[in-house]
Amino acid sequence: MTTVILECFRTLSISAQQLRHLPKNIEGGFPKMPSTVKDLDVPHLFREPYIQTGYRPIEQNWKYYFFSLFQKHNESINVWTHFVVALAVLLRFKVFAEVESLSLDPVSLPLYIYVLSSLTYLTFSFLAHLLQSKSELAHYTFYFMDYVGVSTYQYGSALAHYYYSSNQAWYDTIWPFFLPGAAFLGWMSCLGCCFAKYRYKRPYPPMRKVCQIVPAGFAYILDISPIIHRITSCYMESCTDKAVWFHFLQIIFFVIGAYFFSCPVPEKYFPGTCDIIGHGHQIFHLFLGLCTLSQLEAMLIDYKTRQEHLTARHSPSDIYVACFSFVLLISCSTITAIYLRHRISKKLKDKEL
């Protein structure tokens, strides 16, 4: 036994000596993480009202910003909330698809598009908050991409509400206008957000919020209208529909999140104390994530229990045409973002000359 113990110690001693002689350049495989800086140490473009610390320095290499996923800074919660929700959406849908033996047919196609649109907006938001600090052009590029994700999610939600969640009385009234209106307002939402980002500089005037909120607000009102009708009808009939409760939660979570998106609270009242955890945009992300998870659960229930509404109203060709409009919306939003990014790039180059 003594011999074995001595042999172990000798082996450990040799291993320790070998580790000490490993090439020092192995450390170069891990990025050195610069400390976060104060608001005065970054350009105005990157500063948020009442957020005084926790900014990542600009013009670092890309590896730094990717690895800042594991660093404490004022975007950490924004990054992780949507990253975790995206994983939750993917896993929940995977389990549902396996249990229900889901196939890609006309009946399930709007559900697939809804899940894809949810993952798109969550992923684009995750990337925007993780990578936007690289440079001014990167800041605009990733936020324009984020706005494309938002419009994609808006229309994906509208498709799912239209096909799975709407009552016949609502459908009979508004069906000719709903999907074209949802697609147009989804694009206007992207255009309004991209234009506001392109046009207005810090400190932002109130008109910037108007450009962002008004198109998105109208898009949301139209997209959620079948759900509002469903909830009110259900409660008048002593509702026992389980999906309605999740639809109700998605609206509550969205309204709370919209408030924190629109107003810089609580950081306005406690400047400098909510920099890393607790500022309004983080709370907005949290409630938007809860909204998406509630909406997903409602959609899965509606898909299982209300397929007869879809098959009675729509032929497969109708569904394919409507889903093609989803691709058209993404194309229009992407072209808008690319065009304004080109304008921004030209401005930045002119400023450097």
Side-chain angles (χ1 to χ4, degrees), residues 44-51 75 78 81-82 85 117-118 120-122 124-125 128-129 132 139-140 142-158 161 178 181-228 250-269 274 279-292 294-295 329-330 332-334 336-337 339-341 344:
H44 280 280
L45 177 65
F46 300 93
R47 301 178 195 175
E48 296 294 337
Y50 313 106
I51 305 298
E75 292 276 28
N78 290 330
T81 44
H82 279 180
V85 172
S117 70
S118 300
T120 299
Y121 104 80
L122 290 164
F124 285 4
S125 174
H129 287 282
Q132 58 89 16
H139 178 90
Y140 284 106
F142 283 106
Y143 275 117
F144 287 167
M145 188 172 74
D146 187 20
Y147 303 145
V148 172
V150 170
S151 68
T152 300
Y153 174 61
Q154 287 173 338
Y155 193 55
S157 298
H161 292 164
F178 181 75
F184 175 73
L185 289 174
W187 174 63
M188 288 300 294
S189 177
C190 178
L191 176 62
C193 289
C194 289
F195 176 77
K197 190 73 177 174
Y198 165 80
R199 173 67 177 79
Y200 299 108
K201 310 301 179 188
R202 296 186 187 275
Y204 292 134
M207 184 55 66
R208 178 177 180 267
K209 281 291 183 187
V210 172
C211 291
Q212 289 180 316
I213 293 173
V214 170
F218 278 116
Y220 181 74
I221 291 170
L222 180 62
D223 296 346
I224 206 67
S225 62
I227 303 304
I228 296 293
Q250 70 146 313
I251 294 173
I252 295 298
F253 289 143
F254 181 86
V255 170
I256 296 173
Y259 169 76
F260 284 101
F261 175 81
S262 305
C263 305
V265 293
E267 64 267 24
K268 180 178 180 179
Y269 304 106
C274 305
H279 60 78
H281 200 81
Q282 294 174 348
I283 300 172
F284 159 68
H285 269 227
L286 175 63
F287 278 101
L288 188 59
L290 292 172
C291 167
T292 301
S294 300
Q295 184 186 44
L329 168 70
I330 295 175
C332 291
S333 297
T334 301
T336 300
Y339 171 73
L340 288 176
R341 182 195 180 276
I344 283 289

[X] [atom1] to [Y] [atom2] distance, which is reported to the nearest 0.5 Å:
X    : Y    : atom1 : atom2 : answer
C211 : M188 : SG    : CE    : 9.5 Å
L191 : T336 : CG    : OG1   : 5.5 Å
Y143 : M145 : OH    : CE    : 11.0 Å
N78  : I283 : CG    : CD1   : 10.5 Å
L185 : L329 : CG    : CG    : 10.5 Å
I252 : Q250 : CD1   : CD    : 10.5 Å

Between K197 and Y147 the two heavy atoms that sit nearest each other are CD-OH, 3.8 Å

Would you name the heavy atoms of Y140 and L45 that are closest together and state the gap between them? OH-CD1, 3.6 Å

Under the criterion side chain to side chain contact (heavy atoms under 4.5 Å, CB included), I'd like the reasoning laid out for I227 against Q295: C-alpha separation, chi angles, the key distance, then a yes or no. CA-CA 10 Å; I227 303 304; Q295 184 186 44; over 6 Å; no

Side chain to side chain contact (heavy atoms under 4.5 Å, CB included) between S262 and I213, worked out: CA-CA 8 Å; S262 305; I213 293 173; 3.4 Å; yes

Going through the checks in order, is the side chain to side chain contact (heavy atoms under 4.5 Å, CB included) test met by Y259 and V265? CA-CA 9 Å; Y259 169 76; V265 293; 3.7 Å; yes

More than 12 heavy atoms of other groups within 6.0 Å of [X] [atom1]:
X    : atom1 : answer
Y204 : OH    : yes
R199 : CZ    : no
F46  : CZ    : yes
Y198 : OH    : yes
K201 : NZ    : yes

Quick one, [X] and [Y] - any side-chain contact, counting heavy atoms below 4.5 Å?
X    : Y    : result
H82  : Y121 : yes
H281 : E267 : no
F144 : L340 : yes

Verify the distance criterion only: is there a donor paired with an acceptor across the side chains of S333 and S151 at less than 3.5 Å? yes

Between Q282 and E75: side-chain donor-acceptor atoms closer than 3.5 Å: no

Tested for side chain to side chain contact (heavy atoms under 4.5 Å, CB included) against Q212, the lone hit among C194, C193, S189 is C193

Apply the ring pair (Phe, Tyr, Trp, His ring centres under 6.0 Å) test between F254 and each candidate in F261, F287, Y220; give the one that qualifies. Y220

Would you please indicate if the ring centroids of H129 and H285 are separated by under 6.0 Å? yes

Trace of the side chain to side chain contact (heavy atoms under 4.5 Å, CB included) decision for Y153 with T120: CA-CA 7 Å; Y153 174 61; T120 299; over 6 Å; no

